[in-house]
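Computed from a predicted model, the values in this text were never measured in an experiment.
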Amino acid sequence: VLQLQGVIADLATQHVDTLMPGYTHLQRAQPVTLAHHLLAHFWRLARDFDRLTDALRRANISPLGAGALAGTTLPIDPAKVARRLGFAAAFENSIDAVSDRDYFAEFVFDLALLAVHLSSLGEEFVQWASSEFAFLEPSEGLGGGSSLMPQKRNPDVAELARAKAARVTGDLVSLLATLKSLPLAYNRDLQEDKAPVFDAASQVLETLEALVAVVPSLRFDVARMADAAGDLRTLATDLAEYLVVRGVPFREAHEAIAKFLATSGGKMTAKALREFDARFGKNVGEVLDPRTSLARRNRPGGPAPEAVRIQLAKTRDLIGLEKYSLSKHAEQVDLIDKIVHEAACPVIVLLHARDPTFIKEASKRGVFAHISDADVEEPSRELVGERQQPGRARHRRCDRDHPLVLITEPHQGVGELKHGLWVVGFGRDAKAEVVDDSLGMSGALVKIKEELDEVGVVGGDGAGGDEGVVEA
């Protein structure tokens with residue numbers, strides 16, 4: 001959201017003086033600037049950002065310790081667990097903690113409304129790219145050509161942004177229907193609560209990423225937009241306000257302009273206006289200029305370039321505040337990231353570790369970031385050089401740069417490993433393979449494998465023997 005706000009503000013900065021017609025009911029209404037129109041989308045996104053960050057405050061409550069619904073008899077402190085896991089607070093009522101899905105409903109609603117806002121932006125790009133408007137010049141970033149008609153270039157990205165809102169709105173309805181009428185506390189219905197949340201988040205993120213890529217590539221036909229804004233009928237309200245300044249009640253002024261437009265055949269000149277109604281003075285011609293009309297609308301929040309520049313300054317201030325509000329969550333995000341990596345630690349498994357001397361020496365020299373034998377039964381546990389209680393491991397930092405090394409025998413049940421590097425044997429007959437990598441570590445593991453190759457641990461001639469292995 002923040003990135004899309006940024007690229008929209010950047011684009012608006014380029015078009016502070018670009019004249020275009022504003023629309024109501026898809027009919028030309030009053031002259032505005034392209035910057036003013038684009039910034040309307042910026043402020044929508046600002047509210048979306050505010051809703052999402054505010055929702056985090058209510059969602060950041062730990063339910064751990066609530067048990068099935070009535071807590072636990074074990075000496076567990078929910079507040080301590082909450083602090084350790086980065087939550088702002090623990091639950092106040094165990095039944096509510098188990099059954100609460102308000103945070104999901106609120107989050108998906110926020111995403112659905114955000115998707116609706118993105119669909120509005122997409123729809124305008126679709127319209128502006130059409131030959132009927134032709135405000136947007138053809139752009140590869142906006143979409144591709146037709147599979148049949150060579151002359152066409154379709155705004156695919158904008159159309160998909162428009163369509164995704166229906167899917168995310170469906171996710172919201174699905175979630176609310178699942179929650180409807182559920183008695184307290186837990187019910188199996190709630191296993192269906194996550195699919196719409198994950199789908200809504202995924203679809204909105206993809207749409208945001210696509211629009212962030214598209215918006216900077218947009219090129220506008222400024223002359224075409226100015227020509228459309230030159231339709232003097234868009235100044236009808238200015239003429240009514242001109243009469244109001246001269247003492248005519250607005251209702252009468254509105255009626256007079258409507259009658260003039262109905263009888264003038266679309267011609268709007270100072271002479272024709274004075275001939276139609278004597279209340280129009282000699283200076284009425286000054287009103288019949290879109291840029292003059294625009295410049296006069298210089299009140300705060302208005303479309304005049306002067307007012308838009310002030311608005312742009314506020315957008316930059318707001319983006320700074322939004323970045324600061326995100327930075328406040330950085331510590332919490334880092335904590336969660338650390339916990340995730342502790343739970344899913346990259347592993348290097350050494351099979352056929354035949355020589356206890358090698359293992360002891362390697363451990364002593366710090367060859368491995370972490371040697372754990374938590375899941376290894378006798379006698380292999382003795383190879384590590386110290387006996388440990390079952391299920392216990394000597395924990396050090398374990399992350400992408402410091403993988404866990406498990407020394408074991410091939411029969412001891414490490415087949416469930418989902419990510420890491422298998423090293424089977426040493427020397428000429430050894431093999432190494434990077435297994436299914438769920439942590440994005442393939443590059444690091446391949447590098448480790450290459451280093452093992454160089455010292456003859458894997459695929460070498462074995463000349464170095466155990467000494468070569470220890471040096472590796």
Side-chain angles (χ1 to χ4, degrees), residues 1-16 18 20 22-23 26 32-53 55 107-130 133-145 152-172 197-221 225 308 311-312 315-316 318-320 322-323 325-326:
V1 174
L2 185 57
Q3 288 178 335
L4 185 55
Q5 285 180 275
V7 295
I8 287 176
D10 290 342
L11 187 60
T13 302
Q14 303 171 31
H15 293 282
V16 173
T18 300
M20 69 171 291
Y23 291 84
L26 267 183
V32 296
T33 60
L34 176 56
H36 190 61
H37 190 106
L38 290 171
L39 289 177
H41 291 286
F42 175 94
W43 294 111
R44 281 181 161 187
L45 293 171
R47 294 192 296 273
D48 291 319
F49 182 95
D50 188 55
R51 272 186 289 269
L52 286 166
T53 52
F107 179 52
V108 179
F109 168 78
D110 293 345
L111 293 176
L113 185 53
L114 170 56
V116 168
H117 290 160
L118 298 180
S119 75
S120 176
L121 182 62
E123 169 62 14
E124 290 189 334
F125 290 165
V126 170
Q127 293 173 6
W128 293 352
S130 70
F133 280 80
F135 290 172
L136 272 174
E137 297 177 355
S139 165
E140 291 185 4
L142 195 56
K152 292 191 65 182
R153 181 168 292 280
N154 302 319
D156 300 322
V157 174
E159 289 176 346
L160 288 172
R162 185 177 60 186
K164 291 296 185 182
R167 179 165 174 171
V168 179
T169 301
D171 289 328
L172 175 61
V197 176
F198 294 154
D199 184 68
S202 175
Q203 298 304 317
V204 171
L205 280 172
E206 289 178 4
T207 305
L208 285 166
E209 289 169 359
L211 290 173
V212 167
V214 164
V215 169
S217 70
L218 298 179
R219 298 293 179 267
F220 291 89
D221 188 334
M225 299 175 81
V308 169
Q311 192 179 161
L312 279 168
T315 66
R316 287 188 285 271
L318 181 61
I319 288 174
E322 289 174 343
K323 288 181 178 179
S325 72
L326 289 180

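- Taking the charged nitrogens against the carboxylate oxygens, Asp50 and Arg47 have no contact shorter than 4.0 Å, which rules out a salt bridge.
- Across Leu312 and Ala12, no two heavy atoms sit closer than the pair CD2-CB, 4.1 Å.
- What you find for Arg219 and Pro216 is that their closest heavy atoms are NH1-O, 3.1 Å.
- Closest approach of Val204 to Ala115, counting heavy atoms only: CG2-CB, 4.3 Å.
- The structure places CG of Leu39 at 10.5 Å from CD of Gln5, a figure rounded to the nearest 0.5 Å.
- Here the closest heavy-atom approach between residue Arg51 and residue Arg44 is recorded as NH2-O, 4.5 Å.
- Looking at heavy atoms from C-beta onward, Trp128 lies out of side-chain contact with Leu142 at the 4.5 angstrom threshold.
- Classified by interplanar angle (parallel below 30°, tilted 30° to 60°, perpendicular above 60°), the ring pair Tyr23/Phe133 is tilted.
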Tell me, with the steps shown, if Trp43 and Thr315 meet side chain to side chain contact (heavy atoms under 4.5 Å, CB included).
CA-CA 8 Å; Trp43 294 111; Thr315 66; 3.7 Å; yes

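- Of all heavy-atom pairs spanning Leu2 and Lys323, the tightest one is CD2-CG, 3.5 Å.
- A donor-acceptor contact shorter than 3.5 Å links the side chain of Thr53 to the backbone of Phe49.
- Taking CZ of Phe109 as the start and CG of Leu52 as the end, the distance is 10.5 Å to the nearest 0.5 Å.
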For the pair Leu114 and Leu208, evaluate side chain to side chain contact (heavy atoms under 4.5 Å, CB included) and give the outcome as yes or no after the intermediate values.
CA-CA 10 Å; Leu114 170 56; Leu208 285 166; 4.2 Å; yes

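- Atoms CG and CG, on Leu172 and Leu111 in that order, are 9.5 Å from each other to the nearest 0.5 Å.
- Counting heavy atoms from C-beta on, the side chains of Phe220 and Leu34 come closer than 4.5 Å.
- Rounding to the nearest 0.5 Å places CE of Met225 at 7.5 Å from CG of Leu136.
- A side-chain donor-acceptor contact under 3.5 Å links Ser119 to the backbone of Val116.
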If you apply the rule side chain to side chain contact (heavy atoms under 4.5 Å, CB included), what do you find for Leu318 with Glu322, and how did you get there?
CA-CA 6 Å; Leu318 181 61; Glu322 289 174 343; 3.8 Å; yes

Show your working on side chain to side chain contact (heavy atoms under 4.5 Å, CB included) between His36 and Gln311 and close with a plain yes or no.
CA-CA 9 Å; His36 190 61; Gln311 192 179 161; 3.4 Å; yes

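- Rounded to the nearest 0.5 angstrom, Leu4 CG and Phe42 CZ are separated by 10.0 Å.
- A pairwise comparison of heavy atoms in His15 and Thr33 identifies O-CB, 4.3 Å as the closest pair.
- Distance check: Leu113 CG to Leu118 CG gives 9.5 Å after rounding to the nearest 0.5 Å.
- The closest side-chain heavy-atom distance from Leu38 to Val215 is not below 4.5 Å.
- The number of heavy atoms from other shown groups lying within 6.0 Å of CD (Glu137) is above 12.
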